[in-house]
Protein chains: 2
Amino acid sequence: MRSASTKTRTRPGRQRAYHHGDLRRALIDVALELVTREQDWAFSIRELARRAGVSHRAPYNHFAEKLDLLAAVAAVGFERLRVALLRAIDGIDDREAALIALCRTYLRLGLENPALYRLMFGPALSATGAVDRPTVARVAGAQARAVLEDVILEGARAGVFVLPAGAPNAVALAALSVWSATHGLTMLLIDRIPPPNLSVEDMTETLLRSVIGGLRQARMAHSAQAR
Amino acid sequence: MRSASTKTRTRPGRQRAYHHGDLRRALIDVALELVTREQDWAFSIRELARRAGVSHRAPYNHFAEKLDLLAAVAAVGFERLRVALLRAIDGIDDREAALIALCRTYLRLGLENPALYRLMFGPALSATGAVDRPTVARVAGAQARAVLEDVILEGARAGVFVLPAGAPNAVALAALSVWSATHGLTMLLIDRIPPPNLSVEDMTETLLRSVIGGLRQARMAHSAQAR
DNA sequence: ACCTGAACACCGTTCAAGT
DNA sequence: ACCTGAACACCGTTCAAGT
């Protein structure tokens, strides 16, 4: 799309040029911008349509209801997360350092765009009412999770991390513990729950120390190599 | 209120009896019931008024806007949490066992009423748009947090837990780590993010093992400096 | 296949009164 | 002090058409 000539915007038929048949994408873009700027997804479908320059009915040609639109926005957020996580560990050899980089990146992204983050893990996916319709976002979330599991698996193979047992679930369970801790701190910070006299850096460091400690655990016989 | 005769409900003036001047309380009750049953707080103020048997305008005499009503509901949730946490550790001597009991209770309550839990930590408190109006819920949350901090402080004094440094923040930081992990797992479970082949019990146990490990953690060689 | 515009039943919030 | 009822400007979603 970006390779196409930008002159189309200066052409006479300006209104048609913007959508050029991809109103769906345009709606997601506008919604993402709204979520980011207003830090809220309470905007109406009608306003969305207005900003996209179409009738208030048009969005329903692409999304059955508002929930589906929000799920699409969440999917974009998960994709961004996945890319950011992959980039964060790029070129890092030490799996422990890689894990820390993952957690810090995760936290940073959450704090950068709290509303998007909450949308990703919120009601849009959790199927509060009916069946889990927005599979899109769920799949995207699973891909982001895979990055974390890979690092832990590699660390376990390298002997840096000690996993609970030989169960096939071990990696998934360990990853979920790390994820829980990081996700929890991110959420608490987003929601401004911690007392204001604690600094984000201190909280992060304390948590990561605990998380890493939990993974090194078990055989703490001899002092391991310091970093 | 409970000490008052319940015969008032069987009296002739049934309509007046229910509110007996406390429409505010009645509205909170109805809202809490709606949140619990529908697992959602998308209900309208008008519907709330309908169920309470008053005009759709009446609620505005007690809550400036819907947010304030939701904050009041959240405050009830925090109070319930505080009571449940206190009861959970009642009679337990071992501070490590007490801490585990706290985490498990926290998790259980969250899974019992996900919508209320999400409301407690959600936008109603986080002041997405303006100033932090709903101080009510914030205070209630701080009280619940105090229970956790007490257990950790006592454990540290008894030598069961080893805290980072002598900084006055140490207890708060340690408590926040434990809270983050527990809160994170609760949220992830509520949102059905973990893969379905993992059992809740396995996830919980793995997490708690890691959390406890982090608190026992022998001071590793170099001392930790808090900023 | 996609869009428009009218229509329906709702909503949050305000205003002007009532008691 | 608290409640009512009308009113305003919105909303999500559906229907019947247009191209």
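Chain naming here is simple, since letters A, B, ... match the order of the sequence lines and numbering starts at 1 in each. Just so you know, these numbers come straight off a predicted model, no measurement behind them.
Salt bridge absent: R104(A) and E205(A) never bring a charged side-chain N and a carboxylate O closer than 4.0 Å. Electrostatic pairing of R80(B) and E112(B) does not count as a salt bridge here, judged by no charged N lying under 4.0 Å from a carboxylate O. Under 4.0 Å is where a charged nitrogen must lie from a carboxylate oxygen, and between R82(B) and E79(B) at least one such pair does.
Per the geometry, CG belonging to D68(A) stands 14 Å off C1' belonging to dT13(D), to the nearest Å. In this entry the distance linking CD of E65(A) with P of dC11(D) reads 18 Å, nearest Å. In this structure, Y60(B) places its OH atom 17 Å from P of dG5(D), rounding to the nearest Å. One can place CG of N61(B) at 14 Å from P of dT13(C), the figure rounded to the nearest angstrom. The distance between atom CZ of R57(B) and atom C1' of dC8(D), rounded to the nearest whole Å, is 14 Å. One interatomic measurement links the two molecules: CD1 of I45(B) to P of dC10(C), which rounds to 17 Å at whole-angstrom precision. Residue L70(B) contributes atom CG, which lies 11 Å from atom P of dG12(C) at whole-angstrom precision. The CG atom of L48(B) sits 15 Å away from the C1' atom of dT13(C) (whole-angstrom rounding).
Other residues, nucleotides and ligands place more than 12 heavy atoms under 6.0 Å from the CZ atom of R108(A).
Counting only heavy atoms from C-beta outward, the side chains of D40(B) and V35(B) never approach each other to under 4.5 Å.
When the side-chain nitrogen and oxygen atoms of R46(A) are compared with OP1 and OP2 of dA9(D), none of them lie within a distance under 4.0 Å. Phosphate contact (OP1/OP2 of dC11(D), side-chain N/O of S44(A), threshold under 4.0 Å): present.
Secondary-structure annotation of DNA chain C gives the stems C:4-8 with D:12-16, C:12-16 with D:4-8, with a stem taken as at least 3 successive Watson-Crick or G-U pairs whose two distances both fall under 3.5 Å.
Place H56(B) and S55(A) on DNA chain C by their nearest nucleotides, and S55(A) ends up nearer the 5' end.
Stacking of K66(B) on the aromatic ring of F43(B) is recorded, both the 6.0 Å distance cut-off and the 45° axial limit being met.
Aromatic rings from Y117(B) and F78(B) are positioned such that their centres are separated by 6.0 Å or more.
Counting distance only, with no hydrogens placed and no angle test, the side-chain atoms of H62(B) and the base atoms of dA1(D) include no donor-acceptor pair under 3.5 Å.
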